[in-house]
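Notes to accompany the following structure.
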Amino acid sequence: MKQIRLAIKIVKTLVKDRIQYPGRLIMDLVAILMRCGILLILYWTVFKLNDGMINGSTFLFSAWSIFFYFSFSIMRYREISRVIMQDVQTGNVEVLFSKPISYLSYRMWWQIGSGIYSFFVITIVSTVGLMLLIGLPPTMTIGLFLPTFLLTFLLGSILSLLIYIIVGLLSFWIEDINPIFWMVDKAVMILGGSYLSVSLFPPLMYKIALYSPFGASQFVTHTVFTSWQSNWYQLVGIQLGWILALGLIVFVMFGKAKQNVSVNGG
Amino acid sequence: MESNSIIVSRLTKKFSFSAKNASSGWIKNLFFPEKKEIVAVNDISFSVKHGERIAFIGPNGAGKSTTIKMLTGILFPTSGMVTILGLDPTKDRKKLAYQIGTVFGQRSQLLPNLPLTDSLEFFGVMYDMSDEEIQKRIRELTELFDLGSYISQPVRKLSLGQRMRAEVAASLMHKPKIILLDEPTIGLDVVAKKSLRDLLLKINREEQTTIFLTSHDVGDIESLCDRTIIINHGIVIKDLPTQDLAKTFVYEKYIDLVAQNNFEVFPKLPNGIRYSLQEKNKVTVVVDVNQISVQDSLKILLSLFEVEDVNVYSADLETVIRHIYETDSIGN
């Protein structure tokens with residue numbers, strides 16, 4: 001009960017913080033509209049040049065898939081790596097370790113709280129805009145879509161946080177995690193279907209995207225395709241498997257990390 | 001004032017790290033780096049009674065902060081035992097956190113962009129207080145710390161003195177039995193320092209909070225702490241009532257000699273007298289009264305120098321502490 005109350009307090013406090021500074025929301029909105037907008041124009045042109053169909057997919061499906069990636073990215077789960085690294089490097093970790101909280105769950109809720117306001121506002125505005133501009137694919141109007149979308153979004157969120165927490169926890173042992181962060185982040189971007197929609201992946205790359213934690217963290221991008229209706233439970237199963245595996249790794253790593261704290265003392 | 005709040009027994013903390021060996025190749029350095037070890041805290045023991053006000057002091061790198069971090073469960077000891085209010089910080093860190101408050105002078109625990117009330121409410125929830133308890137405690141702390149004039153301002157807009165008061169107030173939200181402060185007055189002006197010290201004395205008196213602080217500021221020690229533990233090179237070198245600390249070097253007297261005209265030469269002094277300061281307009285000497293009396297010293301000094309004024313005094317606390325650090329360093 002205490003954990004839930006604290007989680008709600010963290011999220012409410014950060015939403016209040018973000019509302020007080022609307023400049024950040026506007027910047028996020030402009031960045032997403034530009035990045036996603038440019039991609040969608042490019043895709044529209046490419047699909048048009050190929051008679052509207054590439055690899056069995058149309059522009060409508062690919063556009064929504066890419067949009068889901070960008071919408072998911074507004075949650076900024078990736079930032080948790082850098083936040084942990086900064087806590088370790090600046091010694092701020094000692095402030096949080098002296099509180100009656102679980103450091104990692106505190107940081108996870110902090111990250112959710114940091115992104116949730118921008119996420120909701122931008123996603124709602126962009127979804128309405130995209131619906132008016134290009135319409136909805138039929139796969140998004142069936143009853144199965146919304147519950148499975150929310151389920152994979154939730155599992156993808158947990159998986160993303162676990163991936164980036166593992167990267168962040170490495171800072172307890174190595175000075176600079178940025179090179180590792182860069183590699184992991186690019187793997188998530190590519191296999192998650194940011195710039196190239198997953199429907200256009202060659203078979204081997206599609207398999208890697210399916211069975212790696214990097215791709216699995218972004219399964220929201222798969223929900224728009226027809227295949228999702230028949231294999232959603234397999235993909236959710238893959239996500240659950242990775243959550244268990246990475247959760248165990250995080251548990252062991254954090255146990256060791258706590259004993260490896262060496263904030264500037266003396 | 002009877003039971004012990006803190007018991008530290010044979011506490012040791014070693015930090016090991018990889019060091020590059022210039023004579024080895026890069027492969028050896030990468031895969032088999034040389035391990036070096038630093039003993040930050042070396043076999044220290046002490047105990048603190050409930051309601052005591054302890055200054056835990058030492059020069060930079062002495063092991064003060066490392067000890068505080070072991071007391072709060074942030075760092076794991078290499079060996080030895082710590083018991084705080086009957087709890088082991090390494091095993092019961094979260095349980096212990098409900099009983100202690102911490103202030104790290106160089107780090108803020110407040111939410112910078114939001115009003116101070118939000119930070120205080122945030123800590124209240126963190127410490128599992130009910131909404132009524134939180135509001136009641138905020139009212140108490142606002143009155144006690146005189147936060148009323150800036151409690152609604154974003155924390156980042158507060159002056160350093162206001163922020164430090166707010167930091168201490170936040171650390172007291174849950175009415176901790178012990179408050180551990182790591183250099184709480186660092187960077188504060190004299191007025192803000194005094195105000196913070198007065199507040200700490202007040203919470204010690206009114207809420208019987210045990211105070212354990214590290215500081216480089218002699219004023220903190222003199223005006224706030226009834227007992228001083230001095231640590232150097234990771235070892236406790238003195239543990240005594242603060243009022244006895246000044247008496248540690250009572251056998252030393254200082255004599256200032258102000259020149260009538262400028263001093264041109266600084267003659268050799270007899271045994272038991274040594275220069276502490278040699279300037280053209282002023283000389284300070286230290287007299288070891290075990291070897292030579294103040295009266296005899298004055299006679300000799302007045303025969304050696306033409307002076308306008310003389311001042312005889314004992315060492316102040318800062319000098320005493322410096323002397324202890326220096327003596328210990330020479331001993332090591």
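Numbered from 1 within each chain, the chains take letters A, B, ... in sequence-line order. Not measured: the values here are computed from a predicted model.
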Within 6.0 Å of OH in Tyr21(A), more than 12 heavy atoms from elsewhere: yes
Worked verdict on Glu121(B) versus Lys9(A) for side-chain contact (heavy atoms from CB on, under 4.5 Å): CA-CA 9 Å; Glu121(B) 283 175 13; Lys9(A) 184 69 185 171; 3.3 Å; yes
Engaged part of Phe104(B) at the chain A interface, taking heavy atoms whose separation is under 4.5 Å: side chain
Within 6.0 Å of CZ in Arg10(B), more than 12 heavy atoms from elsewhere: no
Atom group of Ser108(B) that falls short of 4.5 Å from chain A, counting heavy atoms: backbone
Tyr211(A) atom OH, over 12 foreign heavy atoms within 6.0 Å: no
Greater than 12 external heavy atoms within 6.0 Å of Trp182(A)'s CH2: no
Heavy atoms of other groups near Met81(B) CE, more than 12 under 6.0 Å: yes
Proximity breakdown for Leu96(B) and chain A, heavy-atom pairs closer than 4.5 Å: neither
Heavy atoms from other residues, nucleotides or ligands near CH2 of Trp110(A) exceed 12 (cutoff 6.0 Å): yes
Gln20(A) versus Asn113(B), closest heavy-atom pair with distance: OE1-O, 3.7 Å
Full working for salt bridge (Lys or Arg N to Asp or Glu O under 4.0 Å) between Asp131(B) and Arg5(A): CA-CA 11 Å; Asp131(B) 291 341; Arg5(A) 190 168 164 239; 3.1 Å; yes
Any donor-acceptor pair under 3.5 Å from Arg93(B) side chain to Ile101(A) backbone: yes
Residue pair Thr102(B), Lys99(A): steps toward the side-chain contact (heavy atoms from CB on, under 4.5 Å) verdict: CA-CA 9 Å; Thr102(B) 49; Lys99(A) 305 288 176 221; 4.0 Å; yes
Heavy atoms of other groups near Lys136(B) NZ, more than 12 under 6.0 Å: no
Best-contacting candidate, Asp118(B), Ile231(B), Thr72(B), against chain A by heavy atom pairs under 4.5 angstrom: Asp118(B)
NZ/Lys207(A): more than 12 non-hydrogen atoms of other groups inside 6.0 Å: no
Taking every non-hydrogen atom, the tightest pair across Pro100(A) and Ala97(B): N-CB, 3.4 Å
Verdict with supporting geometry, Leu111(B) and Asp17(A), side-chain contact (heavy atoms from CB on, under 4.5 Å): CA-CA 9 Å; Leu111(B) 304 165; Asp17(A) 181 84; over 6 Å; no
Gap separating the CZ atom of Arg107(B) from the CG atom of Leu96(A), nearest 0.5 angstrom: 11.0 Å
Close approach to chain A in residues 162-177 of chain B, criterion heavy atom under 4.5 Å: none
Side-chain heavy atoms of Ser98(A) within contact of Lys69(B), under 4.5 Å: no
Portion of Ile10(A) that has a non-hydrogen atom of chain B nearer than 4.5 angstrom: both
Met129(B) versus chain A, the contacting section by heavy-atom distance below 4.5 Å: backbone
Qualifying residues under ring pair (Phe, Tyr, Trp, His ring centres under 6.0 Å), relative to Phe97(A), sequence neighbours excluded: Tyr103(A)
